[in-house]
Amino acid sequence: WPHIDRLGESAAGRANLSGIFGLCTPLGAERVGALKSALLNVWDTLAMGNYPYPSNYLVFQQTQDPSVLLPAWPMRAACRFFRGVDLSD
């Protein structure tokens with residue numbers, strides 16, 4: 001979290017975070033904490049649903065759509081998107 005906090009201190013850093021996470025609107029200084037909370041929720045959900053097969057165990061309660069599935073090993077699937085991301089300030 002300290003890296004996100006540091007990036008959140010400047011407009012350029014927040015723009016970088018907005019791009020990394022594909023946010024629909026630019027991240028404002030007042031929303032950095034909300035971004036961290038959302039990310040924590042994502043990682044918690046992925047970890048709890050980290051099964052070797054696709055599952056809607058945790059997402060059905062949010063979507064009410066049985067066709068929405070987490071992929072097999074969702075933590076691995078999510079981490080693939082961060083390969084090669086430059087985390088330097």
Side-chain angles (χ1 to χ4, degrees):
W1 301 128
H3 193 73
I4 291 175
D5 290 333
R6 277 193 308 278
L7 288 173
E9 292 173 357
S10 71
R14 291 189 301 276
N16 190 11
L17 288 170
S18 296
I20 289 169
F21 294 109
L23 302 181
C24 296
T25 58
L27 183 64
E30 73 286 353
R31 301 294 298 160
V32 174
L35 173 64
K36 289 172 28 180
S37 294
L39 292 172
L40 179 60
N41 185 44
V42 167
W43 296 117
D44 283 348
T45 300
L46 293 175
M48 287 187 285
N50 201 35
Y51 304 119
Y53 47 83
S55 170
N56 71 352
Y57 167 64
L58 293 168
V59 295
F60 180 75
Q61 66 182 346
Q62 302 283 323
T63 66
Q64 300 298 306
D65 181 349
S67 69
V68 176
L69 301 173
L70 287 176
W73 300 117
M75 287 293 286
R76 293 178 190 175
C79 288
R80 274 185 236 140
F81 289 98
F82 294 99
R83 287 186 187 145
V85 172
D86 180 10
L87 295 178
S88 63
D89 289 335

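These numbers come from a predicted model, not from an experiment. Start at 1 with the first residue, then count along the sequence.
Counting only heavy atoms from C-beta outward, the side chains of Lys36 and Asp5 approach each other to under 4.5 Å. Between Trp73 and Pro54 the shortest side-chain heavy-atom distance does not fall below 4.5 Å. Side-chain atoms of Asn56 and Val68, non-hydrogen and from C-beta on, never get closer than 4.5 Å to each other. Between Leu27 and Leu35 the shortest side-chain heavy-atom distance falls below 4.5 Å. Counting only heavy atoms from C-beta outward, the side chains of Arg14 and Val32 approach each other to under 4.5 Å.
Between the CZ atom in Arg31 and the CG atom in Leu17 there is a gap of 13.5 Å [rounded to 0.5 Å]. Rounding to the nearest 0.5 Å gives a distance of 12.0 Å between CG of Leu69 and CG of Leu58. Interatomic distance, CD of Glu9 versus CZ of Arg6, reported as 8.5 Å (0.5 Å rounding).
Other residues, nucleotides and ligands contribute at most 12 non-hydrogen atoms within 6.0 Å of the CZ atom of Phe81. In Tyr51, the OH atom is crowded: over 12 heavy atoms of neighbouring residues, nucleotides or ligands sit closer than 6.0 Å.
When all heavy atoms of Gln64 and Gln61 are compared, the closest pair comes out as NE2-O, 3.3 Å.
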**OP:** Let me see the working for Leu70 and Leu46 under side-chain contact (heavy atoms from CB on, under 4.5 Å), right down to the final yes or no.
**Re:** CA-CA 8 Å; Leu70 287 176; Leu46 293 175; 3.9 Å; yes

Original post:
Please walk me through it: do Tyr57 and Met48 pass side-chain contact (heavy atoms from CB on, under 4.5 Å)?
Top reply: CA-CA 9 Å; Tyr57 167 64; Met48 287 187 285; 5.6 Å; no

**OP:** Determine, step by step, whether Ser67 and Phe60 satisfy the side-chain contact (heavy atoms from CB on, under 4.5 Å) criterion, reporting the C-alpha distance in whole Å, the side-chain angles of both residues, the deciding distance to 0.1 Å, and the verdict.
**Re:** CA-CA 9 Å; Ser67 69; Phe60 180 75; over 6 Å; no

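Residues Leu40 and Ile4 are members of one and the same hydrophobic cluster, defined by side-chain heavy-atom contacts under 4.5 angstrom among Ile, Leu, Val, Met, Phe, Trp and Tyr.
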